[in-house]
Amino acid sequence: MLTLIVRQSLKNGTAKTWKLRSNNATHTFGSSRLADVISIAPDSKGIQGLFEFRDGAWWYVDLDMNTSASAKGSPALRLDEEKTLTLGDCTLSFTPVLKEADLYLRLEKAGKEQREAGKQFQLYIVKQNDQVLETKILPMNKKFKPSMAMTPTVVRLCPFPGMAQTNGR
């Protein structure tokens, strides 16, 4: 997953930072309360621009057509490395960060290390509509109580895809 860190800095020292994830392909930017990324610059337009994830890279598209095309040659800026952009009284700094997206691969690695150390544990992942709500690691044979449950809930263990299943681990 390619995450984009966006930092907006004003000349008076005020700053704000956002983390944009590539699973949402577009994020609007501006001073409007309806924008996905709300600017702190007082001279920003309602919808100043758009952050877009396409073709494996982040892009910033300046929607102020009066200044973007004439000043930069194109309203779109590819954000494939650390870059800065000055918009009026503010500076936007962009940092793309590649993160490992496969949770199950990381869990397999952690589980292998624990098994090699002779430790046994149970890992619970609570999902709803393909969204992870809660994760918990417990000692073997301890009942799992989801944070939203009133009483401990007995949950049947099920293996992760591709994960070794031995002795209830």
Side-chain angles (χ1 to χ4, degrees), residues 1-114 123-137 146-148 158-165:
M1 174 186 300
L2 189 60
T3 301
L4 182 66
I5 307 297
V6 178
R7 180 175 172 82
Q8 183 180 32
S9 305
L10 302 180
K11 291 182 180 178
N12 67 7
T14 305
K16 186 166 184 180
T17 304
W18 299 271
K19 185 185 294 187
L20 308 180
R21 291 184 171 79
S22 58
N23 55 357
N24 188 357
T26 59
H27 302 269
T28 55
F29 170 73
S31 60
S32 170
R33 64 183 179 88
L34 300 176
D36 299 318
V37 178
I38 300 175
S39 173
I40 59 172
D43 63 342
S44 291
K45 303 217 179 326
I47 299 294
Q48 178 80 37
L50 176 73
F51 295 102
E52 185 176 40
F53 186 76
R54 60 181 146 104
D55 301 327
W58 280 100
W59 292 78
Y60 175 73
V61 180
D62 191 346
L63 297 178
D64 184 0
M65 293 302 165
N66 293 329
T67 59
S68 66
S70 62
K72 299 174 204 79
S74 171
L77 175 65
R78 185 180 170 108
L79 306 172
D80 54 355
E81 60 187 22
E82 285 193 37
K83 292 187 179 175
T84 59
L85 176 66
T86 302
L87 294 174
D89 287 343
C90 75
T91 302
L92 294 176
S93 302
F94 308 108
T95 307
V97 179
L98 182 62
K99 297 229 176 189
E100 185 180 333
D102 193 346
L103 174 64
Y104 298 116
L105 287 178
R106 291 188 298 183
L107 293 174
E108 170 66 22
K109 181 180 176 189
K112 181 180 178 188
E113 291 168 358
Q114 294 292 325
L123 171 67
Y124 293 94
I125 300 175
V126 180
K127 287 175 57 175
Q128 181 178 14
N129 297 328
D130 289 330
Q131 185 170 6
V132 176
L133 301 176
E134 180 181 3
T135 61
K136 195 163 215 169
I137 297 175
S147 61
M148 62 216 76
C158 59
F160 291 112
M163 185 175 244
Q165 181 75 16

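This structure is a prediction, so every number in the text was calculated from the model and none was measured.
The line from NZ of K11 to OG1 of T91 is 7.5 Å long, rounded to the nearest 0.5 Å. Summarising the geometry, atom CG belonging to L20 is positioned 11.5 Å from atom CZ belonging to F53; distances are rounded to the nearest 0.5 Å. Note: S93 OG to I5 CD1 = 11.5 Å, rounded to the nearest 0.5 Å. Atom OG1 of T3 sits about 8.0 Å away from atom CH2 of W58, to the nearest 0.5 Å. Separating the CZ atom in F94 from the CD atom in E81 is a distance of 12.5 Å, to the nearest 0.5 Å. In this structure, CD in Q8 is found 9.5 Å from OG1 in T17, a value given to the nearest 0.5 Å.
No side-chain heavy atom of D62 sits under 4.5 Å from any side-chain heavy atom of L77. In this structure the side chain of L63 never reaches within 4.5 angstrom of the side chain of Q48, judged on heavy atoms. Within the 4.5 Å cutoff, no side-chain heavy atoms of V6 are placed close to those of L79.
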Requested in this report: Report the C-alpha separation of L87 and L92 in whole Å, then their side-chain angles, then the decisive distance to 0.1 Å, and conclude whether the side-chain contact (heavy atoms from CB on, under 4.5 Å) test is met.
Outcome: CA-CA 7 Å; L87 294 174; L92 294 176; 3.5 Å; yes
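The shortest heavy-atom contact between K83 and R78 is NZ-O, 2.6 Å. When all heavy atoms are compared, the tightest approach of P96 to L2 is CB-CD1, 4.2 Å.
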Solution key, residues 26-38 side-chain donor-acceptor pairs under 3.5 Å, sequence neighbours excluded:
residue : atom : partner : partner atom : Å
H27     : NE2  : N24     : O            : 3.2
T28     : OG1  : D36     : N            : 2.9
T28     : OG1  : D36     : OD2          : 3.3
S31     : OG   : S44     : O            : 3.1
S31     : OG   : K45     : O            : 3.1
S32     : OG   : L34     : N            : 3.0
D36     : OD2  : T28     : N            : 2.9

